[in-house]
Amino acid sequence: MTNRLADQTSPYLRQHADNPVDWFPWGEEAFALARERNVPILLSVGYSACHWCHVMAHECFEDLETATVMNKLFVNIKVDREERPDVDAIYMDAVQAMTGRGGWPMTVFLAPDGKPFFGGTYFPKPSFLQLMNAITEAWNNRRDDINNNIDALMEALERTAKIEQHSTIAEFSTFELAVTQLRASFDATWGGFGNAPKFPSTMNLEVLLRQLLAGEDSDLENIVTTSLDAMASGGMYDHIGGGFSRYSVDEMWLVPHFEKMLYDQALLARVYLHAGMLFGNETWKQVARETIEYVLRDLTHRDGGFFSAEDADSLDDSGHSHEGHFYVWSRDEIINALPAHLHEAALTWYEITVPGNFEGKNIPVRLHHRGDLSRPPDVEEARQLLYQHRESRKRPLLDDKVLTEWNAMMLATLAEAAFFFESDEWLQAAIRNGEFLVRELRTAQANWHRSWQESGLPQARHRALAADLAQLVDAFTRLGEASGQARWITYAQEAADEMLTQCWDAVNGGLFTTPDNGEQLIVRQKDVMDNATPSANSTAALALYRLGALTGNSRYTHHAEQILRLLARIATSAPSAFGNLLASVHLCHAGITEVALPGNQPDMLRELRKRWLPTVVLAWGEPYDSPLWTDRNQHSAYVCKEYACMKPTTSPDELVETLRVALA
């Protein structure tokens, strides 16, 4: 017998539809029942690719004894954090305030009005049973203590909404301080920053790439090179099928948490693309290319949307679930999958041994040959055969929901890559994705949803959040630059207008996470820090600066500047936690250079395809309403600053020299 989650579109919620727990989805029905019964709410938050979410589900939620206690003592709500990051953020802040740490699965106990009073992450069955009884005893006998907890937590949860604007925008010294901090936290042995577990820190690497635009710096080049080479040489990178796992559990990038998230593919392909273009490094371009090809092959709906994730766990031949099973090999499995003449090449290249490097098996790696990823013909032949053999295994679970925010992140990366690599195939895939988003996630009234799933009724659900809209502005702007199609600039402006109308804080500036016309939660927070994904506010600042320059609409630029004022103080206190925001700080202080190519000028366009120029915006192809298109000669290129243009150029060499002067 299924519970209420059977009707949900989220694959994660549907995984729990057969639990003996009487689960509710997030909504008023659950809160009303908690008020009626006068019992706390047990809120469980996770996501489909989360290994420890599966562990707790098996130990607790599939267990009849545990479920009976849950149903007797609480009203139980299950939330997919990817569908409802607004809900997740509030209660994760509460858990971190109580425990000093966070993660998933997240378990939080709420009063019937939704206010939290206790929480944690993963609990094994014995301690979970003990905890539930202790919570009930406190609820029945020590309500004053609970109310005191609630009051203290609510004050902490409201802190982002109370940030006040600084009198000036964030100074360039904040950007420079972040560079200094990153130098200090760099792991010179293994690359990356800090200790295990190691996360990719893509946005901080982007900060260093922007700093390197100012001139050579051998120390920074070493940080970027060591980090990018180490990540792509370790087990976090899928050397057989392309794409990245979420993070490494060790300092050397050997053993990953094996889930593959769409947002990681977007951010990692982007930083490898940018670094590859900046340094002319073909290996990094290869990594970007293979990561994009993984997404287009394995995470793409037939109509163009991008799926969310593949699970960390998969089934062995006996039907038992193991983390990473799909990706690891014994030495004998390698030998049996390949003809004899390829054995030595594959075993040596992928560093395969009898003992293995992960629980008796091997994660294919290049750890002892860091950065040497250009495969010779025999290794490439072996890789293709190993990939074909691996496809006969049971694949990890696919989370097939399509999220606006993550799709837009991938779309922005794909559009840039299509432009730089002159790939019409990738450009068409980017256009298909853009059209999918407009068709499936945008209403007839031009409002946006956050989530889509093919079997859902309705398929599109949940009001778009600020992060969705900010990423759409960025993605559509970049798709317009990559394609030369004016419609994408129009869509970018419409998304920007909805974002500023629905999410803007008219008192302190910046974007609230939730829109005015969305669900009213216990607090209205602002998404300000760059974590695994860029924050809504940092994304909006960068996207609005660029869209403002392309369209001449000063409203967009003004709001971008207000975000930099809002976050000036807190970014200075911990600049390396604001990597994506610092891209906006860099852009603001460096100034935007506008390039307009009227008419049909493929030779001029080709020069721009050769260079990563993050402070340049490009108008070409179909004209749209903008000062960049006013009174232009169809056979000249224009390089401008705030629409004051240098002498028009008529040859690629002249364009390159004019750009050099403008960017100096």
Side-chain angles (χ1 to χ4, degrees), residues 2-3 5-6 8 10-21 23 44-67 70 78-82 103-107 121-128 197 235-236 238 240-241 243-250 254-262 264 294 298-299 307-330 332-334 337 356-364 386-387 389-401:
T2 59
N3 55 45
L5 301 185
Q8 297 298 300
S10 159
Y12 173 67
L13 297 186
R14 290 204 304 261
Q15 287 172 9
H16 296 271
D18 295 319
N19 292 170
V21 178
W23 289 117
S44 175
V45 182
Y47 59 101
S48 69
C50 166
H51 170 71
W52 286 102
C53 298
H54 298 321
V55 173
M56 188 167 178
H58 179 67
E59 291 181 356
C60 298
F61 306 145
E62 296 169 12
D63 177 71
L64 184 59
E65 179 188 5
T66 308
M70 292 173 66
K78 175 63 76 172
V79 167
D80 180 342
R81 67 170 297 261
E82 297 167 355
W104 299 274
M106 177 169 63
T107 309
T121 54
Y122 161 75
F123 293 100
K125 177 183 173 180
S127 58
F128 191 47
M236 199 176 80
D238 181 357
I240 304 301
F244 284 88
S245 295
R246 186 163 162 251
Y247 65 91
S248 172
V249 302
D250 54 61
L254 170 59
V255 179
H257 254 308
F258 287 91
E259 64 262 41
K260 283 180 165 181
M261 316 300 295
L262 177 62
D264 279 322
Y294 157 69
D298 293 341
L299 291 183
F307 299 131
S308 293
E310 287 193 292
D311 206 334
D313 299 359
S314 52
L315 300 178
D316 63 17
D317 292 339
S318 302
H320 298 120
S321 181
H322 301 277
E323 185 178 11
H325 175 76
F326 182 76
Y327 299 102
V328 299
W329 305 76
S330 68
D332 286 346
E333 285 174 320
I334 295 281
N357 57 25
F358 175 69
E359 298 180 355
K361 291 202 171 184
N362 293 271
I363 305 167
L386 291 173
Y387 173 80
H389 179 83
R390 197 176 76 173
E391 285 297 287
S392 67
R393 298 175 177 174
K394 181 73 173 176
R395 286 195 73 90
L397 178 74
L398 174 69
D399 188 325
D400 63 355
K401 66 179 180 290

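Both backbone and side-chain heavy atoms feed into the values below; hydrogens, waters and symmetry mates do not. Note that the structure is predicted; figures quoted are calculated from it, not measured.
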Write down the atom of [X], the atom of [Y], and the distance for their closest heavy-atom approach.
X    : Y    : answer
K401 : D80  : NZ-OD2, 2.9 Å
N3   : H16  : ND2-O, 3.0 Å
F307 : D399 : CB-O, 3.5 Å
A49  : A309 : CB-CB, 4.1 Å
A67  : P20  : CB-CG, 3.6 Å

Is a side-chain N or O of [X] found less than 3.5 angstrom from the main chain of [Y], in a donor-acceptor match?
X    : Y    : result
T107 : T121 : yes
S10  : Y12  : yes
Q8   : L5   : no
N357 : I363 : yes
N362 : W329 : yes
R393 : F326 : yes
D250 : V255 : yes
S245 : P256 : no
T2   : A17  : no

task = Answer yes or no: is there an ion pair linking K260 with D238, defined by an N-O contact shorter than 4.0 Å?
result = yes
ask   = Will you find, in the side chains of D316 and H322, an N or O donor that is under 3.5 Å from an N or O acceptor?
value = yes
query = Is a side-chain donor-acceptor pair under 3.5 Å present for S330 with K361?
reply = no
remark   = Between S48 and the options E310, Q15, R14, the side-chain contact (heavy atoms from CB on, under 4.5 Å) test singles out Q15
request  = May I ask you to check whether F358 and Y327 place their ring centres under 6.0 Å from each other?
outcome  = no
Check whether any side-chain heavy atom of [X] sits under 4.5 Å from a side-chain heavy atom of [Y], and report yes or no.
X    : Y    : answer
E323 : W52  : no
R81  : M106 : no
L299 : L398 : yes

ask   = Which residue, D311, D298, D313, forms the salt bridge (Lys or Arg N to Asp or Glu O under 4.0 Å) with R395?
value = D298
query = At what distance, to the nearest 0.5 angstrom, does SG of C53 lie from CZ of F61?
reply = 8.5 Å
query = Going by the angle between their ring planes, with limits at 30° and 60°, are Y247 and H257 parallel, tilted or perpendicular?
reply = perpendicular
